[in-house]
There are 2 protein chains.
Amino acid sequence: MSDAPLQTVTNAARLLKAFLTREESLGVSELARRLGLGKSAVHRLLTTLAAEGLVEQDPHTGGYRLGLVVFELGEAVRVHMDLHAAAGSVLAHLREETGESTQVGMLDGHDVVYVDRLESSHALRLFTETGRRVPVHCTSSGKVLMAFAPEPVRERYLATATLARHTEHTLTDPDELRRALATVRARGWADAVDEREIGVASLAAPIRDARGVVVAAIGIGAPVSRFRAIPRKRLARTVVEAGEAVSRRLGWSEEAPLLEKES
Amino acid sequence: MSDAPLQTVTNAARLLKAFLTREESLGVSELARRLGLGKSAVHRLLTTLAAEGLVEQDPHTGGYRLGLVVFELGEAVRVHMDLHAAAGSVLAHLREETGESTQVGMLDGHDVVYVDRLESSHALRLFTETGRRVPVHCTSSGKVLMAFAPEPVRERYLATATLARHTEHTLTDPDELRRALATVRARGWADAVDEREIGVASLAAPIRDARGVVVAAIGIGAPVSRFRAIPRKRLARTVVEAGEAVSRRLGWSEEAPLLEKES
DNA sequence: GCCCGCGTTCCGGTGTGCGGAACGCTGCTG
DNA sequence: CAGCAGCGTTCCGCACACCGGAACGCGGGC
């Protein structure tokens, strides 16, 4: 958290994350500039990481890019998301039923990471990709995840997060957001219309693991135009049911809350 | 290359790779044992990596597992595989045509890493998963990739790799493998029957990028029983054509070899 | 209760990683 | 063609960041 010793490792981690910008490949000098480190330090980091296969050097340009081992590690993470197995067919069913793009997201810090998705078959579709990171406060998935997060987590988020304004509809006041989250918690689903990007709407519901803890959110995203055409209540019901279907596959049963743990 | 200074970073990398065993979560002591490091060192590594989101601690067991950032990074790698976009529909077409599981693999060191795949619809199917690592010398994809690799790479591989025997049909003699690779190079495709596992057969062909360099292999895998039923020539032709289709999408044109582009 | 294992913390000495400067190279540009 | 301005790479010596070992509090099982 606050303390992160091993600055070399921290630098290595930051170096890797620099590649999240999805640029094809990055050079030593460029990286040194972005990280605020000396060229030699960056070069040493890169050769070390290259020896381990985490990055590789483009033999033509001399630049560096992420290595296949990183891909491999990423896939290893995916495997542990029983989520992936549990959500697969439900996502397909949800897309079929609504005709829109569907996603599964998990909370990581102040962001939502999409871990799975299926795209709408409409020509005008919401484009998402797995591994993409989006803010909590202006997405339906984010609101669901934060609404059902443990209170300390939620309060710390509200206290520390910068609620960046993306559009005129973005909730940027912590108190306002707190109230919105309470509503979400009460009714069991969240929506977000024009809050992150004008013209984009989404609706999401929670996914619970066997202990009943909300570990992910499932939702759909669509152009506002089509979104408006569907009765909100009905759509919410569909999405909530999808969330419950996934939860059930993860071992959650609504009747028998079994096991200790709050509630 | 051989020298990897920054041993802390090396340790961090090895630590991450320890999670490739796909165990749910690993403890500090266990990791310390596997890596041959002190507990305190491992603990420091883990807290540092956790601060960066590369690993996370299971609040219930106290153990550690890979974090969502790793997943994110993995997905970032996938994006750069134009391969992924190029191969998608071709994989589907190939599966439809052959009815068998299809994969795309890339060379990484002495291994092949599957970066994409589609499974057969047969009940008895070859099971693969993306991110999985398999040996070069006893797989059709591996043989294709090594056959078309630059000669120094190939020779170094033949000189240094340990050609582990998996079955009685595995090629374990470097000279024998060298001859096999020459054949592959000459005819443009490779097969492997009972070489990695009894009862499993596969056939693969190269994928070239815009410069004509072989960057990946596309292939199918099937039970030997079904494999035998299809005329080998015809099957090879189908797979080779699939490889050419992907290569064309990557900008490779057989007639007009390499061309300088952009600036 | 005991003990063994866990994850965590503390500390001091040493060997390691840092920044700065210099190298050879390539591709511009005048 | 010389000059230059980038690049990736290498070298070096001092400062201090990291390693190992030992000790802590805790929880679960003979």
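Only a predicted model underlies this, so the values are computations on that prediction, with no experimental measurement involved. Each chain gets a letter, A, B and so on, in the order the sequences are listed, and its residues count up from 1.
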Does [N] have OP1 or OP2 under 4.0 Å away from a side-chain N or O of [X]?
X: H43(A); N: dT9(D); value: yes
X: R33(A); N: dC7(D); value: yes
X: R44(B); N: dC18(D); value: no
X: Q7(B); N: dT14(C); value: no
X: T8(A); N: dC18(D); value: yes
X: Y64(A); N: dC7(D); value: no

Send over the distance from [X] [atom1] to [N] [atom2], rounded to a whole Å.
X: L31(B); N: dG5(C); atom1: CG; atom2: P; result: 17 Å
X: L35(A); N: dC18(C); atom1: CG; atom2: P; result: 12 Å
X: L6(B); N: dA17(D); atom1: CG; atom2: P; result: 15 Å
X: L46(B); N: dC6(C); atom1: CG; atom2: P; result: 14 Å
X: L45(A); N: dG8(D); atom1: CG; atom2: P; result: 14 Å
X: L15(A); N: dC18(C); atom1: CG; atom2: C1'; result: 16 Å
X: L26(A); N: dC7(D); atom1: CG; atom2: C1'; result: 14 Å
X: E30(B); N: dG5(C); atom1: CD; atom2: C1'; result: 12 Å

Look at the rings of H166(A) and H137(A) and say which category their plane angle falls in: under 30° parallel, 30 to 60° tilted, over 60° perpendicular.
tilted
Does NZ or CZ of R208(B) lie under 6.0 Å from the centre of the six-membered ring of F148(B), at an angle within 45° of the ring axis?
yes
Six-ring centre of Y114(B), R133(B) cation under 6.0 angstrom, axis tolerance 45°:
no
Both G38(A) and G62(B) contact DNA chain C. Taking the nearest nucleotide for each, which residue is further toward the 5' end?
G62(B)
Taking donor-acceptor contacts at under 3.5 Å, does the side chain of [X] reach the base of [N]?
X: S29(B); N: dG5(C); value: no
X: K39(B); N: dG7(C); value: yes
X: S40(A); N: dG19(C); value: yes

So V104(A) and L91(A), side-chain contact (heavy atoms from CB on, under 4.5 Å) or not? Walk me through it.
CA-CA 8 Å; V104(A) 172; L91(A) 268 179; 4.1 Å; yes
Identify the heavy atoms of G105(A) and L145(A) that sit nearest to each other, and give their distance.
O-CD1, 3.8 Å
